[in-house]
Trainee: 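Pasting a structure below so you can have a look.
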Amino acid sequence: YTLIRTQGGGTMLDTAGLPGWWAGIVIVLCFTAGSAFVMWLGEQITEFGIGNGISIILFAGILSRGPSMIRTMYQGVRNNLDGVTGEGIFNLPVWAIPLILIGMLAIVVLIVFIQNAERRIPVQYAKRQVGRKMYGGQSSFLPVKVAMSGVMPVIFASAILSIPQFIQFFVNPTGGFWKSFFDAFSQTGWLYTLLYFLLIIMFAYFYMSIQYNPLEMANNLRQSNGTIPGIRPGKPTADFIAKILSKITLIGALFLAFVALIPIIYSNLTGMHGLMMGGTSVIIIVGVALETVKQLESQMMMRHYKGFLD
């Protein structure tokens, strides 16, 4: 086999002169070796650097798409000035570029706000005497993150909706049922968008049910002599926590669905599929950046902290 250069400047394997099974083995071995190297590199960054190594590698890989996005935007403006009709509903005018950039910044601000947002459930601990000492009698809270599931619902929904694209490798959609089926499940199809929205919400609730158990949280509060003001211990406390978790999960799920569907809606309107990053990519970028900043701040505090003896 030989390496051939593509239009975008990259290279790929020319396996035309090889048997199909041998080409498959070469491709699988290349992917396996590359994955193992990336995992080793991520472990080295985690051990000798700051932050999670794999997350930082993903962060760098997503940011590397920036020049491609700028080139796509420039090409869309040139096509509009030249009178070339795109695939979308309308072409991208020049005055829309500042609005798109402002919209991107607004989405980043929204993601940062939701990532740091939490619902604090107040908890009051009763006083109890152990020997001659009195314990408790203090107020605290149970923090519940709005974006508690992170990007997992988006990843699960994308994985399930990629099954029709996998079937397309074995079926030749020349016409009839299969062509309509694959058109509906394409990333610009209405059925794909609707199922994407519903699956994100469903997996957000599923992930919440795995992370939080309201009955167990209520039992832990009872064992530690803690109560929620105005709520009786036991089942009423569990029902109250479950009600709050359901509302918070709905807000987080709608936020994830909104961020994930913005690139799809934008692509359908303008016909440019390489400009907007996916919702998962933006959430990963913001999450990794926030986590890295927090770890840097903790390292700086440890470096400049003076103990009692200094």
Side-chain angles (χ1 to χ4, degrees), residues 35 38 42 51-52 54-66 68-69 100 103-119 144-168 182 184-212 245-270 272-292:
S35 302
V38 170
N52 186 277
I54 297 296
S55 299
I56 292 177
I57 292 175
L58 290 174
F59 178 85
I62 295 171
L63 285 184
S64 64
R65 305 176 192 171
S68 176
M69 293 173 55
I100 294 174
M104 290 180 179
L105 293 177
I107 292 174
V108 172
V109 172
L110 175 64
I111 293 175
V112 173
F113 175 77
I114 296 295
Q115 288 283 351
N116 295 327
E118 62 183 13
R119 169 70 159 87
V144 180
K145 299 285 290 184
V146 175
M148 65 181 74
S149 57
V151 297
M152 296 306 297
V154 181
I155 294 175
F156 289 155
S158 301
I160 290 181
L161 291 178
S162 65
I163 295 177
Q165 299 176 9
F166 177 75
I167 299 176
Q168 192 171 0
F182 291 128
F185 279 96
S186 64
Q187 293 188 355
T188 57
W190 62 271
L191 184 59
Y192 179 93
T193 304
L194 178 61
L195 290 178
Y196 198 29
F197 176 81
L198 296 178
L199 286 175
I200 289 175
I201 295 179
M202 184 188 71
F203 280 116
Y205 276 94
F206 173 75
Y207 200 81
M208 183 271 295
S209 65
I210 295 176
Q211 280 189 318
Y212 293 94
L245 288 176
S246 178
K247 293 180 179 179
I248 295 299
T249 303
L250 179 61
I251 296 174
L254 291 177
F255 156 74
L256 287 176
F258 171 74
V259 175
L261 291 179
I262 281 180
I264 299 177
I265 297 174
Y266 178 84
S267 300
N268 290 335
L269 292 178
T270 62
M272 293 191 301
H273 306 287
L275 177 61
M276 292 290 290
M277 291 183 181
T280 309
S281 303
V282 180
I283 296 175
I284 290 175
I285 288 177
V286 175
V288 173
L290 292 176
E291 187 65 26
T292 305

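Values below: all heavy atoms of this structure, side chains included; hydrogens, waters and symmetry mates excluded.
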Trainee: Report the relative orientation of the aromatic rings in Phe203 and Phe206; use parallel for angles under 30°, tilted for 30 to 60°, perpendicular for over 60°.
Mentor: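 Perpendicular, since the angle between the ring planes exceeds 60°.
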
Trainee: Looking only at heavy atoms, what is the nearest atom pair of Ala204 and Ala253, with distance?
Mentor: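 Heavy-atom minimum between the residues: CB-CB, 3.6 Å.
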
Trainee: Say you draw a straight line from CD1 of Ile262 to CG of Leu110; how long is it, rounded to the nearest 0.5 Å?
Mentor: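 With rounding to 0.5 Å, CD1 (Ile262) is 8.0 Å from CG (Leu110).
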
Trainee: Can you establish whether the number of heavy atoms outside Tyr192 located under 6.0 Å from its atom OH is more than 12?
Mentor: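 Yes, OH of Tyr192 has more than 12 neighbouring heavy atoms, counting only those of other groups under 6.0 Å.
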
Trainee: Starting at NZ of Lys145, measure out to OG1 of Thr249 and round the result to the nearest 0.5 Å.
Mentor: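 One gets 13.5 Å once the value is rounded to the nearest 0.5 Å.
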
Trainee: Quick one: pull up OH in Tyr205 and CD1 in Ile210 and give me the separation to the nearest 0.5 Å.
Mentor: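 Going from OH on Tyr205 over to CD1 on Ile210, the span is 15.5 Å.
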
Trainee: What is the minimum heavy-atom distance between Tyr207 and Met148, and which atoms define it?
Mentor: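 It is CE2-O, 4.1 Å.
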
Trainee: With rounding to the nearest 0.5 Å, note down the distance linking CG in Leu198 to CG in Leu194.
Mentor: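 Nearest 0.5 Å value for the CG-CG distance: 4.5 Å.
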
Trainee: Between CG of Leu195 and CG of Leu161, what distance do you get to the nearest 0.5 Å?
Mentor: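 Output value for this atom pair is 6.0 Å.
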
Trainee: Does the side chain of Phe255 come within less than 4.5 Å of Val146's, by heavy atoms?
Mentor: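 Counting from C-beta outward, Val146 and Phe255 never come under 4.5 Å.
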
Trainee: Applying side chain to side chain contact (heavy atoms under 4.5 Å, CB included) between Leu254 and each of Ile200, Val259, Ile201, report the one that passes.
Mentor: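 Exactly one candidate clears the test, Ile201.
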
Trainee: Are the side chains of Ile248 and Tyr212 in contact, using a 4.5 Å heavy-atom criterion?
Mentor: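 The answer is no; the side chains never approach within 4.5 Å.
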
Trainee: Does Ala157 offer a backbone N or O that forms a donor-acceptor pair with the side chain of Tyr196 under 3.5 Å?
Mentor: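 Checking the backbone N and O of Ala157 against the side chain of Tyr196, no donor-acceptor pair under 3.5 Å is found.
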
Trainee: Are any non-hydrogen side-chain atoms of Val288 and Leu58 less than 4.5 angstrom apart?
Mentor: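 No, their side chains stay 4.5 Å or more apart.
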
Trainee: Can you measure from CD1 (Ile155) to CD1 (Ile283) and round to the nearest 0.5 angstrom?
Mentor: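 Answer for the CD1-CD1 pair, Ile155 versus Ile283, is 9.5 Å.
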
Trainee: Please examine the side chains of Leu245 and Arg119, heavy atoms only from C-beta on, and report whether any two atoms are closer than 4.5 Å.
Mentor: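 Of all side-chain heavy-atom pairs linking Leu245 with Arg119, none is under 4.5 Å.
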
